[in-house]
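What follows is a single structure, written as structure tokens, with notes after it.
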Amino acid sequence: ILELKQKALESEQFKIEAKQNKRNLELLEKETKLLKEMQEKSQKKIKIGKIALLVSVISAIPIGGLFLSGKQEKFLLKIDQSVTQAYQKFEFAQIDGLITAMEAGQDFQQIYHNDITFGKNPIHTPMFVLRPILDHIQEKNQLTSHQKAITAINFSPNGQYLASASTDQMVKIWDLQNSQYINLRDQQDQVTAVEISPDGQYLASASLDKTVKIWNLQGNLLKNITQYEAGVNALSFSPDGQYLATASLDNRINIWDLQGNLYQSFNAHEGRINALTFSPDSQYLATVSSDTNAMIWDLQGKLKQTLKQDQAILALKFSPDGTKIVTVSTDNYIYIWDKKGKILNKIKGHKDLIRAISFHPDGTKFATVSDDLTTKIWDMKGNLLTNLKGHQQSVLTVAFSPDGETLATGSKDRSIRLWTLKQPESSLVFKGHENSLISGAFSPDGQTIATTSSDQTLRLWDLEGHQTLKMSHPQS
């Protein structure tokens, strides 16, 4: 009787194990099918160059593992940590997170090589990391960018090219249609400014090596201007494309034609010149200095107006029609001037330092951003139209879209927000940068936003918050 009972128990155990193995095989088939689907999805969503790892890992990741040695358990713990890192990376560096998950999958494959028994180990298999990553990945491509901080970016008028400058002594011309770039290496010190001419034919760069260089967009050096006694820290093309103005650290303004011939040269301020910009009609040049003054000059170097404030001026913008000028200073005031230098309005604009100004394309209003975490939109009489709140730290960059319907802001909190002016109570949040934003700009067609950050990356976004391109610094 006991022998019969024992055989019955063994038979029942065999049936249970067979049923369990059948379930495991079915689960394996489902997971293999899912992984193949994810492979197809990933191929549509991302381009990472030659990463054979994607194919080898996603094609088949076995699961299970009921009986593990001590060495295997340690290995699984390491994989589990990698999975956690993949989740953490994905928030700010999506492709890096994906690669970490795939590497964990490859390790996972080693330990579960021929075991199809799904055990009780609570480890999160890389499959379960890859699935949400591939469902939510926004970063489409990644190129190597600068090795140090990016100091300036500028789109070409047709939007095909983007120029960037860096303290790594490099200028890059990015071909956005083909995801390629050209390195311009002739600078001997950090590059402080870069700008593409209004006709899209030339690129000018300024450097602390006391030179200004004019290139074509194929990367050929056309003119190397060396007639400087100090480093050059700012430049600007005239809107009509006839002239290039530069400011150097000896407080001198030089105006050049595009063949590199000196048109005019004059001393401008007692303090360092921080910025310069032409009026929309190309007839005047405005300079901003640490000596608390902004000055308006004609192209012969004659001083036309002095815009004097009590504190240092941080930024200056002409209205699109050139009839008004807006300045902000370190006392948190906003000044609105007419073109003759008369103060039309003085506004206590923010509770903390004002960082930047952007005019609406129609010239009827402008936006300011501040360390007080707000973005404010004003009319030309100084009335507050909208107070935008959402950033968690200082707001550093602001730009209206070319059609004037949206406003992009960048913050020290590492995010970009896109505000719709018709519904300003909410915003779309773009996340990806790992450090504070430095600059942001819309492409000429308004469909792309370029941003730079202290994380040494340059990123491109569509208007839904998807990263269309990430240009990251090379890993040492």
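Scope of the values below: all heavy atoms of this structure, side chains included, with no hydrogens, waters or symmetry mates.
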Does a side chain donor of either [X] or [Y] reach within less than 3.5 Å of an acceptor in the other side chain?
| X | Y | value |
| --- | --- | --- |
| Ser319 | Lys317 | no |
| His350 | Asn332 | no |
| Arg252 | Ser265 | yes |
| Lys172 | Asn183 | yes |
| Thr327 | Tyr333 | no |
| Gln309 | Ser329 | yes |
| His269 | Asn251 | no |
| Thr368 | Trp378 | yes |
| Ser439 | Thr452 | yes |
| Trp461 | Thr451 | yes |
| Glu195 | Tyr202 | no |
| Ser454 | Asn435 | no |

Least distance between heavy atoms, [X] atom then [Y] atom:
| X | Y | answer |
| --- | --- | --- |
| Ala268 | Trp297 | O-CZ2, 3.4 Å |
| Lys376 | Leu384 | CB-CD1, 3.6 Å |
| Ser411 | Ser394 | OG-O, 2.8 Å |
| Phe442 | Ala399 | CE1-O, 3.3 Å |
| Lys308 | Asn293 | CG-OD1, 3.2 Å |
| Gln467 | Lys431 | NE2-O, 3.8 Å |

Do [X] and [Y] come close enough that some side-chain heavy atom pair is under 4.5 Å?
| X | Y | value |
| --- | --- | --- |
| Leu458 | Leu162 | yes |
| Ile449 | Leu418 | yes |
| Ile253 | Leu285 | yes |
| Thr409 | Val398 | yes |
| Leu244 | Val212 | yes |
| Arg272 | Asn233 | yes |
| Leu307 | Tyr335 | no |
| Leu184 | Ile173 | yes |

Check against side chain to side chain contact (heavy atoms under 4.5 Å, CB included), Leu460 and Trp174: CA-CA 11 Å; Leu460 300 183; Trp174 306 89; over 6 Å; no
Aromatic plane relationship, Tyr228 with Trp256 - under 30° parallel, 30 to 60° tilted, over 60° perpendicular: tilted
Aromatic ring pairing Phe400/His360, orientation class (parallel under 30°, perpendicular over 60°, tilted between): perpendicular
Can you measure from [atom1] ([X]) to [atom2] ([Y]) and round to the nearest 0.5 angstrom?
| X | Y | atom1 | atom2 | value |
| --- | --- | --- | --- | --- |
| Leu222 | Gln218 | CG | CD | 9.0 Å |
| Glu270 | Thr292 | CD | OG1 | 9.0 Å |
| Asp298 | Leu303 | CG | CG | 9.0 Å |
| Ser197 | Leu217 | OG | CG | 7.0 Å |
| Gln242 | Leu299 | CD | CG | 11.0 Å |
| Lys213 | Ser207 | NZ | OG | 6.5 Å |

Counting only heavy atoms not in [X] (residues, nucleotides, ligands), do more than 12 fall under 6.0 Å from its [atom1]?
| X | atom1 | answer |
| --- | --- | --- |
| Lys340 | NZ | no |
| Lys351 | NZ | no |
| Lys365 | NZ | yes |
| Glu229 | CD | no |

Worked verdict on Leu421 versus Leu407 for side chain to side chain contact (heavy atoms under 4.5 Å, CB included): CA-CA 7 Å; Leu421 298 192; Leu407 183 73; 4.3 Å; yes
Residues Phe155, Tyr161; criterion ring pair (Phe, Tyr, Trp, His ring centres under 6.0 Å); working and verdict: CA-CA 6 Å; Phe155 278 102; Tyr161 298 98; over 10 Å; no
Checking [X] side chain against [Y] main chain: does a donor-acceptor pair fall under 3.5 Å?
| X | Y | answer |
| --- | --- | --- |
| Thr192 | Ala206 | yes |
| Ser164 | Ile153 | no |
| Ser238 | Ser282 | no |
| Arg459 | Gly432 | yes |
| Asn178 | Gln180 | no |
| Ser290 | Gly271 | no |
| Ser370 | Val395 | no |
| Ser443 | Thr448 | yes |
| Thr277 | Ala286 | no |
| Arg355 | Asp371 | no |

Stepwise side chain to side chain contact (heavy atoms under 4.5 Å, CB included) test for His433 and Ile416: CA-CA 9 Å; His433 283 294; Ile416 301 97; 4.0 Å; yes
Evaluation steps, side chain to side chain contact (heavy atoms under 4.5 Å, CB included), between Leu373 and Asp352: CA-CA 9 Å; Leu373 316 188; Asp352 209 336; over 6 Å; no
Ion pair Lys324/Asp338, N-O distance below 4.0 Å: no
Partner of Thr246 by side-chain contact (heavy atoms from CB on, under 4.5 Å), out of Ile225, Asn254, Leu276: Asn254
Positive for side-chain hydrogen bond (donor to acceptor under 3.5 Å, both in side chains) with Asp413, one of Gln393, His391, Gln392: His391
Centroid-centroid distance, Tyr263 to Tyr243, less than 6.0 Å: yes
